[in-house]
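Notes for the one structure printed next.
We count residues from 1, following the sequence as given.
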Amino acid sequence: MLKKFLLLGLIITLVNVPVCSAMDFDDFAIVDSESADVTMEDFEMNSDAEPANVGSFDIAGIMLGMSYDDVYNQFFGVRGLYTPRKKNAIIYTIHQDWKYNLDYECRQQGTFIPHELKECINSLAKNRGLMYASEVHLERENTGETIVVYLTSNASDNRVWRVVYNNDVNEQEGAGDKFAKQRENKILAFWQNVLDKYGAPNSGDDRWLSSTNSYDPMLIAYYGALDLVDNGRNATDQVKNTQAARENFKAKPYAF
């Protein structure tokens with residue numbers, strides 16, 4: 001249902017990349033973040049339906065466009081319904097094109113040993129504000145609910161572009177009638193809560209659209225899951241990084 005997409009033709013110049021929040025990177029994971037697949041299929045609105053104000057929707061208080069600092073202040077060091085997961089609650093990463101640049105730069109400086117090369121890349125990325133919090137993982141232990149927050153890079157002010165919520169309503173303890181009934185009741189209760197919070201879907205039975213353009217904010221509901229996403233924000237961020245990395249590639253000073 002979800003598929004990857006390719007960005008073509010859009011060129012945006014990166015100016016004044018801000019530095020990451022003053023955090024101790026060693027406290028959290030620094031990895032190549034997995035690709036956050038999103039659906040890029042345009043949807044139709046239901047007959048006579050109006051656009052939904054998805055930009056004002058929230059999941060556990062997290063809204064599209066929210067800054068990383070606001071997400072951090074809301075869930076870290078504050079007791080609430082959701083807490084950071086115990087291991088690697090924050091995932092830091094570097095946009096792939098910038099990583100290629102830094103790899104080349106470190107090799108030109110004579111660094112080739114894998115672990116030293118990795119340290120060189122990470123050090124340069126931190127100092128230049130190219131390393132950023134790309135994911136925040138939250139959980140609610142007593143209910144089994146989880147939330148993954150995806151953020152743009154510092155080129156786009158490190159802001160929320162996707163929030164994925166999951167719970168266990170689709171899980172079933174056994175195959176007997178009572179378990180099937182319990183699962184059905186959990187699903188019904190979840191859907192009723194979804195409708196109470198966001199209103200009736202304006203596209204099919206499970207989508208709330210800002211417009212029929214898939215680059216605009218939307219909310220998609222599944223059995224036991226919600227996907228609040230702003231594809232346009234992510235697409236713009238990806239292109240900013242790709243173009244800026246191209247322009248800032250430190251090639252050898254050829255002369256002819």
Side-chain angles (χ1 to χ4, degrees), residues 1-8 10 12 33-46 49-68 70-72 74-75 82 85 90-91 93 95-96 132-139 145-167 169-170 190-191 193-195 197-242:
M1 182 174 181
L2 301 181
K3 58 185 179 182
K4 295 182 180 178
F5 63 95
L6 182 66
L7 304 173
L8 295 172
L10 180 60
I12 302 175
S33 188
E34 293 183 7
S35 176
D37 292 344
V38 294
T39 177
M40 293 304 295
E41 176 186 357
D42 285 340
F43 296 111
E44 293 184 0
M45 288 191 184
N46 294 334
E50 298 291 332
N53 186 18
V54 180
S56 67
F57 287 4
D58 76 276
I59 293 178
I62 307 168
M63 302 175 66
L64 296 172
M66 194 178 219
S67 71
Y68 164 72
D70 286 342
V71 173
Y72 184 89
Q74 183 171 330
F75 296 100
Y82 284 88
R85 72 180 180 185
I90 300 176
I91 304 296
T93 192
H95 188 275
Q96 197 66 47
Y132 65 98
S134 60
E135 299 175 22
V136 176
H137 293 258
L138 306 168
E139 60 186 7
E145 293 166 286
T146 63
I147 295 175
V148 183
V149 183
Y150 295 91
L151 301 111
T152 62
S153 72
N154 294 322
S156 301
D157 300 323
N158 205 192
R159 294 187 176 274
V160 176
W161 71 271
R162 188 182 188 190
V163 187
V164 178
Y165 161 90
N166 277 283
N167 63 33
V169 303
N170 207 31
F190 168 67
W191 275 100
N193 289 335
V194 169
L195 294 175
K197 181 167 185 175
Y198 304 113
N202 64 356
S203 176
D205 297 323
D206 56 3
R207 292 180 290 271
W208 291 256
L209 308 181
S210 298
S211 74
T212 56
N213 187 337
S214 61
Y215 280 88
D216 290 334
M218 72 175 75
L219 174 68
I220 306 174
Y222 306 90
Y223 286 112
L226 295 169
D227 193 350
L228 182 61
V229 60
D230 184 346
N231 292 323
R233 186 183 297 272
N234 179 53
T236 298
D237 181 61
Q238 294 294 323
V239 175
K240 280 184 177 182
N241 280 285
T242 297

| remark: Closest heavy-atom pair, Asn158 versus Ala133, reported as atoms and distance to 0.1 Å, is ND2-O, 3.1 Å

| message | Counting C-beta onward and ignoring hydrogens, is there a side-chain heavy-atom pair between Pro51 and Met45 closer than 4.5 Å? | response | yes

| Separation of Asn234 CG from Tyr150 OH (nearest 0.5 Å) | 11.0 Å

| task | Taking the side chain as every heavy atom from C-beta outward, state whether Tyr82 and Glu145 have any atom pair closer than 4.5 Å. | result | yes

| About how many Å separate CG of Leu228 and CZ of Phe57, when rounded to the nearest 0.5 Å? | 8.5 Å

| task | Check whether any side-chain N or O of Ser203 sits under 3.5 Å from a backbone N or O of Glu44 as a donor-acceptor pair, and report yes or no. | result | yes

| remark: Note: Pro201 and Asn46 closest approach over all heavy atoms is O-ND2, 3.4 Å

| request: I would like to know whether Val136 and Phe75 meet side chain to side chain contact (heavy atoms under 4.5 Å, CB included); could you show each step before the answer? | output: CA-CA 10 Å; Val136 176; Phe75 296 100; over 6 Å; no

| Atom pair OG1/CZ of Thr152 and Arg162 - distance to nearest 0.5 Å | 14.5 Å

| field | Trp161 vs Val229 side-chain heavy atoms within contact, under 4.5 Å | value | yes

| said: For the CG atom of Asn213 and the CG atom of Asn231, what is their distance to the nearest 0.5 Å? | reply: 9.0 Å

| query | Less than 4.5 Å apart, any side-chain heavy atom of Leu209 and any of Asn202? | reply | yes

| remark: Taking every heavy atom of Glu135 against every heavy atom of Leu151, the minimum-distance pair comes out as N-CD1, 4.2 Å

| field | Under 3.5 Å: donor-acceptor pair, side chain of Asp157, backbone of Arg159 | value | no

| Rounded distance (nearest 0.5 Å) linking atom CG of Asp42 with atom OH of Tyr215 | 9.0 Å

| remark: Note: Val169 and Tyr223 closest approach over all heavy atoms is CG2-C, 4.2 Å

| message | I'd like to check His137 versus Thr146 (side-chain heavy atoms, cut-off strictly below 4.5 Å). Are they in contact? | response | no

| remark: What one should report as the nearest heavy-atom pair of Gly55 and Pro217 is N-CB, 4.4 Å

| query | Taking the side chain from Asn241 and the backbone from Ala155, do they hold a donor-acceptor pair closer than 3.5 Å? | reply | no

| field | Main-chain N/O of Val164 paired with Asp227 side-chain donor or acceptor, under 3.5 Å | value | no

| field | Candidate pair Thr242 and His95, rule side chain to side chain contact (heavy atoms under 4.5 Å, CB included), full reasoning | value | CA-CA 8 Å; Thr242 297; His95 188 275; 3.6 Å; yes

| task | Check for a donor-acceptor pair, side chain of Tyr198 on one end and backbone N or O of Asp58 on the other, with a separation under 3.5 Å. | result | yes

| query | According to the salt bridge (charged side-chain N to carboxylate O under 4.0 Å, His left out) rule, which pairs have a member within residues 208-220, sequence neighbours left out? | reply | none

| Measuring from Leu219:CG to Asp206:CG, what's the distance to the nearest 0.5 Å? | 9.5 Å

Could you give the side-chain donor-acceptor pairs of residues 59-67 under 3.5 Å, partners two or more places apart or in another chain?
| from | atom 1 | to | atom 2 | distance (Å) |
| --- | --- | --- | --- | --- |
| Ser67 | OG | Asp70 | N | 3.1 |
| Ser67 | OG | Asp70 | OD2 | 3.2 |

| message | Could you tell me if Ser153 and Asp237 have a donor-acceptor pair between their side chains, going purely by distance under 3.5 Å? | response | yes

| field | Over all atoms of both residues, closest heavy-atom pair of Trp208 and Ala52 | value | CB-CB, 4.4 Å

| Crowded around Asp205 CG? As in, over 12 foreign heavy atoms under 6.0 Å? | no

| field | Check: Trp191 side chain, Ala221 main-chain N or O, donor-acceptor pair, under 3.5 Å | value | no

